Amino acid sequence: MEQINQFIHTLRFEDLSQPLIKQASDCLIDLLGVAAAGHDTKLAKIMEAFVSDQMAGSVPLLFSDKSASVSGASLFGASLIDSIDAHDGQVLTKGHVGVAILPPLLALIADSIEKGQHLDGKELITCLVIGYEVATRAGIALHATALDYHTSGAWNSIGVAAVSARLLKLDDNQTREALGIAEFHGPRSQMMRCIDYPTMVKDGSGWGALAGVTSSLLAKANFTGAPAITLDADTLSNSPEQAHAVTEIWQDLGRRWYIEEQYFKAYPVCRWAQPAVEAIRAIQAENPLDHTQVESIEIVSFHQAKRLHVTNPSTTEQAQYSLPFSVASAIMDNEVSPESISETYLGLFNPERIALSEKVQISESDDYNTVFPAERWAHAIITLKNGTRLTSPGSIAKGNPENPLTEQEIKEKFFRLSSTRLSSDQQSLIFSMCDNMAALDSQELRQFMDLLKAG
């Protein structure tokens with residue numbers, strides 16, 4: 001815990017390498033694009049009304065003309081990003097970090113600016129890195145110490161507590177309490193229940209953000225919490241194996257940078273469906289498909305991907321967690337676009353897409369199961385009506401560290417996702433300032449925050 005406290009409160013921007021700084025800037029750009037796109041969802045509209053009514057305050061909500069408290073803005077922002085399944089993630093956590101880290105960070109910066117405090121772009125980048133490093137390790141540690149598979153909110157709340165402890169200038173004891181409160185109050189929601197029944201509860205990250213920021217606010221008032229077992233191996237004395245696992249996870253803090261191991265999504269659907277999408281695209285590259293000539297589609301993947309079973313989604317949440325629907329979209333469009341999974345733009349009600357979805361059969365491979373979650377694989381076998389069988393190679397999702405999105409692709413994704421909410425001038429200014437965040441002084445950071453208000 002002493003090592004973790006020191007990392008949270010003493011890490012300096014100057015300790016970060018240029019690749020780290022660039023990765024943090026890319027994460028910032030990517031998350032803001034997803035947030036802008038999220039405003040088209042029913043989930044976001046419900047949550048916007050809820051927090052502005054029930055959690056009133058003066059902190060602007062992301063890309064909205066409404067405001068709420070720091071807690072409300074954190075809950076809304078994370079829910080907003082989570083509403084469009086296009087945000088970054090990390091394979092060993094089987095979940096998502098930035099979705100919960102960024103909104104409370106921005107809310108606390110906005111609150112600090114209102115109170116006359118001076119923060120700059122270097123501090124934003126440094127806090128973002130801290131959040132990714134603490135939350136990712138907390139997620140890996142939770143998987144090593146818990147029997148069930150929990151949503152991201154169960155552990156990304158701890159990264160939020162770390163960032164907010166730094167910005168609120170908590171002392172070491174208060175920080176320890178904040179981390180413990182966040183772990184205790186973080187939503188230990190069962191991820192596979194949402195996979196089997198996709199709804200607006202999503203990945204729990206809205207409540208993870210809320211739990212994390214309120215934990216530090218409570219700790220500042222000297223509220224106390226239970227020790228965080230995912231951070232402090234001493235609390236696991238009754239389980240030496242788990243204690244050793246937790247120690248191993250945290251011992252390289254400040255040396256191994258997990259933010260560099262995040263993936264960026266090419267498509268706004270569950271990551272587990274995206275290897276299958278790339279398998280379809282691999283077939284398309286060699287044999288351009290006429291979707292009307294497809295007789296059947298077999299996808300071979302890992303068990304968790306097989307659980308993405310919905311073939312006829314009626315909501316965007318069901319579409320985002322549907323491997324058959326993602327595959328059908330890839331066959332029709334050679335991608336999965338935000339419009340194809342949208343209720344607003346009616347893409348998910350396309351009868352041809354639904355008919356293709358119903359032709360998808362999913363099976364699992366022992367080989368693919370063995371390497372999950374560190375690796376996620378799929379291959380596709382398409383049978384045409386004339387009897388031709390087309391088989392893809394084994395495929396992984398695009399955007400992993402080993403096959404990253406290019407800088408141009410990250411930029412194009414931001415502009416495409418944010419186009420329905422932001423003006424072209426607003427898009428360009430936000431992108432430029434994110435890309436040069438480390439150079440922004442306190443006045444320029446204030447200008448950046450103003451750009452994140454209503455489009």
Side-chain angles (χ1 to χ4, degrees), residues 85 89 91 94-95 149 190-199 202-203 263 265-284 287 289 291 293-337 340-341 347-348 350-385 388-400:
D85 207 344
V91 294
K94 296 184 283 185
Y149 170 24
Q190 297 161 312
M191 187 65 219
M192 296 312 295
R193 189 161 16 138
C194 183
I195 295 296
D196 291 336
Y197 302 98
T199 63
K202 298 299 292 286
D203 196 27
Y263 59 72
K265 287 186 175 183
Y267 316 109
V269 293
C270 179
R271 190 64 168 178
W272 299 345
Q274 297 197 23
V277 171
E278 295 305 331
I280 296 298
R281 296 183 76 242
I283 291 176
Q284 292 268 39
N287 302 275
L289 295 171
H291 70 271
Q293 298 304 308
V294 173
E295 180 67 26
S296 65
I297 308 137
E298 181 183 357
I299 299 296
V300 182
S301 196
F302 50 95
H303 172 75
Q304 287 78 2
K306 187 179 179 182
R307 298 277 285 272
L308 303 169
H309 57 82
V310 176
T311 57
N312 191 350
S314 59
T315 67
T316 188
E317 289 79 25
Q318 290 179 345
Q320 290 171 40
Y321 286 126
S322 169
L323 186 150
F325 198 78
S326 300
V327 164
S329 296
I331 291 173
M332 291 182 64
D333 307 324
N334 202 31
E335 66 162 340
V336 187
S337 68
S340 68
I341 53 107
L348 65 86
N350 183 306
E352 292 180 305
R353 207 181 310 274
I354 293 169
L356 270 180
S357 298
E358 292 172 344
K359 295 180 179 182
V360 176
Q361 298 295 318
I362 313 170
S363 60
E364 57 187 273
S365 157
D366 289 341
D367 289 341
Y368 294 164
N369 283 335
T370 298
V371 296
F372 178 83
E375 300 178 32
R376 294 99 179 272
W377 290 85
H379 66 268
I381 304 162
I382 295 178
T383 303
L384 303 180
K385 290 178 180 178
T388 301
R389 282 170 57 88
L390 305 171
T391 302
S392 78
S395 302
I396 61 174
K398 190 175 184 180
N400 292 328

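Since the model is a prediction, treat every value here as computed from it, not as a measurement.
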For Thr388, does its backbone N or O pair with a side-chain atom of Thr383 as donor and acceptor, under 3.5 Å? no
How many angstroms lie between atom CD of Glu375 and atom OG1 of Thr370, to the nearest 0.5 angstrom? 10.5 Å
What do the steps show when you test Leu356 against Glu352 for side-chain contact (heavy atoms from CB on, under 4.5 Å), and what is the final call? CA-CA 6 Å; Leu356 270 180; Glu352 292 180 305; over 6 Å; no
For Asp85 and Tyr321, which heavy atoms make the closest approach, and how far apart are they? OD2-CE2, 3.8 Å
Between Ala397 and Asn400, what is the shortest heavy-atom contact and its length? O-ND2, 3.2 Å
Any side-chain heavy-atom pair of Ile381 and Thr391 under 4.5 Å: yes
Can you measure from CD (Glu298) to NZ (Lys359) and round to the nearest 0.5 angstrom? 15.5 Å
When Pro324 is tested against each of Ile299, Ile297, Val360 for side chain to side chain contact (heavy atoms under 4.5 Å, CB included), which residue passes? Val360
Within the side chain of Ser314, is there an N or O that forms a donor-acceptor pair under 3.5 Å with the backbone of Asn312? no
Inspect the contact between Arg353 and Asp333 and indicate whether a charged nitrogen and a carboxylate oxygen are less than 4.0 angstrom apart. yes
Non-hydrogen side-chain atoms of Phe302 and Val371 separated by less than 4.5 Å: no
The reported gap from CG in Leu308 to CD in Gln320 (rounded to nearest 0.5 angstrom) is 11.5 Å
Minimal non-hydrogen separation, Ala282 against Pro393, with atom names: CB-CD, 4.1 Å
Are Ile396 and Trp377 close enough that some pair of their side-chain heavy atoms sits under 4.5 Å apart? yes
Distance check, rounded to the nearest 0.5 Å: Ile283 atom CD1 versus Glu278 atom CD? 12.0 Å
Does a side chain donor of either Lys94 or Gln304 reach within less than 3.5 Å of an acceptor in the other side chain? no
Which pair of non-hydrogen atoms, one from Ile331 and one from His291, has the smallest distance, and what is that distance? CG2-CB, 3.7 Å
Kindly indicate whether the side chain of Ile341, heavy atoms from C-beta on, has any atom under 4.5 Å from the side chain of Phe325. yes
Is there side-chain contact between Met191 and Ile195, with heavy atoms separated by less than 4.5 Å? yes
Given side chains that start at C-beta, do those of Val91 and Tyr263 come closer than 4.5 Å, heavy atoms only? yes
Give the minimum heavy-atom separation between Ser326 and Val336, together with the two atoms involved. O-CG2, 3.6 Å
Closest approach of Ile362 to Ala305 (non-hydrogen atoms, all atoms of both residues): CD1-O, 4.4 Å
Within the side chain of Gln284, is there an N or O that forms a donor-acceptor pair under 3.5 Å with the backbone of Leu289? yes
For a 4.5 angstrom cut-off between non-hydrogen side-chain atoms, does Thr199 reach Glu317? no
From CG (Leu390) to CG (Asn287), nearest 0.5 Å: 4.5 Å
Would you say Arg271 and Gln274 are linked by a side-chain donor-acceptor pair, where the criterion is simply a distance under 3.5 Å? yes
Check whether any side-chain N or O of Ser357 sits under 3.5 Å from a backbone N or O of Ala328 as a donor-acceptor pair, and report yes or no. no
As an exercise, state the distance from SG of Cys270 to NZ of Lys265, rounded to the nearest 0.5 Å. 6.0 Å
Are Phe372 and His303 packed together at the side-chain level, in the sense that at least one heavy-atom pair is separated by less than 4.5 angstrom? no
